Amino acid sequence: MTDAPFWQTKSLEQMNQQEWEAICDGCGKCCLNSFIDSEHEEDEDFASTNFLREGETLIYTSLVCQYIDDNSCGCTRYSERQQLVPSCVKLTKDNLKDTFFMPQSCSYRRLHEGRGLASWHPLLNNGSKDKMHAAGISVKGRVTKDNTVDLEHEFENYVATWPTYDCD
């Protein structure tokens, strides 16, 4: 009898750094530009939250950070990403409660919500991303780099629903 894999025996908070990094499926969806659409008028009392308020909707686009590798879906400047892109969010054990902004298919979100890893996850497929790409989960072949468009005038042309897809 073999031991159960670490993601089945440990909570995200209990994982070491190597295990934590291995949970990332490498889909690239966290590199997509997204925004919150609100039916409420912006006011002086607006404050950031770790949840969507009533009347708010998280909208994804097919615009992706300029540092993503189009083939691997990984960041080409991973270790310096937050210095290069200050709005890049680094998901950590301390901000797991903020996973509401991550797509449903995000492995960290799935584990945090008790849904387990998806069948296409590389950890369940000998490290291969082929099933993830075939399932339509990753950004591969679906994105435009945000530094190649006029975000002020063209942003709405890139609104996308496919980032919300999760097949199991």
Side-chain angles (χ1 to χ4, degrees), residues 4-36 58-96 98-113 115-151 154-168:
F6 69 88
W7 61 87
Q8 292 178 350
T9 61
K10 293 182 176 182
S11 69
L12 287 165
E13 293 83 3
Q14 294 170 324
M15 292 179 189
N16 64 38
Q17 191 60 36
Q18 182 180 0
E19 293 165 335
W20 176 267
E21 291 289 332
I23 292 303
C24 177
D25 50 54
C27 72
K29 286 182 181 176
C30 60
C31 301
L32 292 170
N33 286 259
S34 61
F35 62 96
I36 295 175
L58 183 61
I59 307 292
Y60 291 97
T61 72
S62 60
L63 294 171
V64 71
C65 176
Q66 65 182 312
Y67 297 111
I68 199 163
D69 179 306
D70 295 335
N71 192 43
S72 73
C73 302
C75 183
T76 61
R77 307 289 292 274
Y78 188 73
S79 63
E80 57 190 329
R81 68 193 185 280
Q82 292 185 286
Q83 289 79 29
L84 295 169
V85 183
S87 62
C88 178
V89 177
K90 180 180 180 181
L91 192 60
T92 67
K93 296 172 186 179
D94 294 330
N95 66 7
L96 270 174
D98 300 336
T99 59
F100 80 92
F101 70 89
M102 300 296 280
Q104 289 287 105
S105 62
C106 172
S107 296
Y108 294 104
R109 182 173 178 171
R110 289 178 62 96
L111 290 179
H112 182 66
E113 293 174 352
R115 294 185 289 135
L117 293 182
S119 62
W120 45 261
H121 195 287
L123 283 174
L124 301 175
N125 293 283
N126 298 316
S128 173
K129 292 184 178 183
D130 291 345
K131 283 190 178 181
M132 178 179 58
H133 296 315
I137 298 297
S138 75
V139 301
K140 187 175 183 174
R142 300 175 141 192
V143 293
T144 302
K145 293 192 177 185
D146 58 10
N147 66 334
T148 65
V149 299
D150 178 358
L151 294 177
E154 298 179 48
F155 194 79
E156 65 278 352
N157 296 335
Y158 294 91
V159 169
T161 57
W162 60 263
T164 62
Y165 176 68
D166 189 10
C167 62
D168 63 23

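Any value given below was found using the heavy atoms of this structure, including those in side chains, with hydrogens, waters and symmetry copies removed. If you're wondering where the values come from, they're calculated on a predicted model, not measured in any experiment.
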Query raised in the report: CD1 of I36 to CD1 of I59: how many Å apart, nearest 0.5 Å?
Result: 10.0 Å
Report task. Kindly indicate, with the supporting measurements, whether the criterion side-chain contact (heavy atoms from CB on, under 4.5 Å) is fulfilled by F101 and V89. Result -> CA-CA 10 Å; F101 70 89; V89 177; 3.6 Å; yes
Report task. Start with the C-alpha gap between K93 and L12, add the side-chain angles, then the distance that decides, and say whether side-chain contact (heavy atoms from CB on, under 4.5 Å) holds. Result -> CA-CA 7 Å; K93 296 172 186 179; L12 287 165; 5.7 Å; no
Requested in this report: Report yes if the distance between the aromatic ring centroids of F155 and F35 is under 6.0 Å, otherwise no.
Outcome: yes
Query - Distance-only polar pair, side chains of K131 and S119, donor-acceptor under 3.5 Å - result: no
Query raised in the report: Which atom names give the shortest non-hydrogen contact between Y60 and S34, and what distance separates them?
Result: CD2-CB, 3.9 Å
**Report entry** N16, CG: over 12 other non-hydrogen atoms inside 6.0 angstrom
**Finding:** yes
Query raised in the report: Who pairs with E113 by side chain to side chain donor-acceptor pair (under 3.5 Å), at least two apart in sequence or on another chain?
Result: R109, R115
Query raised in the report: Do Y108 and W20 make the cut of ring centroids closer than 6.0 angstrom?
Result: yes
Query - Heavy-atom pair of closest approach, residues C73 and C27 - result: CB-O, 3.6 Å
Query - Rounded distance [0.5 Å steps], CE in M132 versus CD1 in I137 - result: 8.5 Å
Query raised in the report: Going through the checks in order, is the side chain to side chain donor-acceptor pair (under 3.5 Å) test met by Y78 and E21?
Result: CA-CA 12 Å; Y78 188 73; E21 291 289 332; 2.9 Å; yes
Query raised in the report: Does any non-hydrogen side-chain atom of M102 lie less than 4.5 Å from one of C30?
Result: yes
Report task. Heavy atoms only: give me the nearest S107-W120 pair and the separation to one decimal. Result -> OG-CH2, 4.4 Å
Requested in this report: Can you measure from CD (Q18) to CD1 (I23) and round to the nearest 0.5 angstrom?
Outcome: 11.5 Å
Query - Non-hydrogen atoms of K140 and D70 that approach each other most closely - result: CG-O, 3.8 Å
**Report entry** Residues forming a side chain to side chain donor-acceptor pair (under 3.5 Å) with D130, sequence neighbours excluded
**Finding:** S128
Query raised in the report: Heavy atoms, side chains only, cut-off 4.5 Å: are L111 and M15 in contact?
Result: yes
Report task. Kindly give the heavy-atom pair with the smallest separation between H121 and A22, and that separation in Å. Result -> CE1-O, 3.6 Å
Query raised in the report: If you measure from CZ on R81 to OG on S87, what distance do you get to the nearest 0.5 Å?
Result: 12.0 Å
Requested in this report: For the residue pair D25 and P122, establish whether any side-chain heavy-atom pair is separated by less than 4.5 Å.
Outcome: yes
Query raised in the report: Taking atom types as modelled and ignoring hydrogens, do the side chains of D166 and Q104 form a donor-acceptor contact shorter than 3.5 angstrom?
Result: no
Query - Atom pair CH2 (W162) and OG (S138), whose distance is rounded to the nearest 0.5 Å - result: 7.5 Å
Query raised in the report: Does R110 use its side chain to pair, donor to acceptor, with the backbone of G116 at less than 3.5 Å?
Result: yes
Query raised in the report: Between D69 and T76, do the side chains contain an N or O donor and an N or O acceptor separated by less than 3.5 Å?
Result: no
Query raised in the report: Got a second to check how far T92's OG1 is from Q17's CD, nearest 0.5 Å?
Result: 9.5 Å
Report task. Provide the closest heavy-atom pair for P103 versus K29 in the form atom of the first, atom of the second, distance. Result -> CG-CB, 3.5 Å
Requested in this report: Say whether N33 and T61, considering side chains only, have a donor N or O and an acceptor N or O under 3.5 Å apart.
Outcome: no
Query raised in the report: Stepwise, does the side-chain contact (heavy atoms from CB on, under 4.5 Å) test hold for L117 with L124?
Result: CA-CA 8 Å; L117 293 182; L124 301 175; 4.1 Å; yes
Report task. Give the C-alpha distance, both sets of side-chain angles, the deciding distance and a yes or no for side-chain contact (heavy atoms from CB on, under 4.5 Å) between L63 and E154. Result -> CA-CA 10 Å; L63 294 171; E154 298 179 48; over 6 Å; no
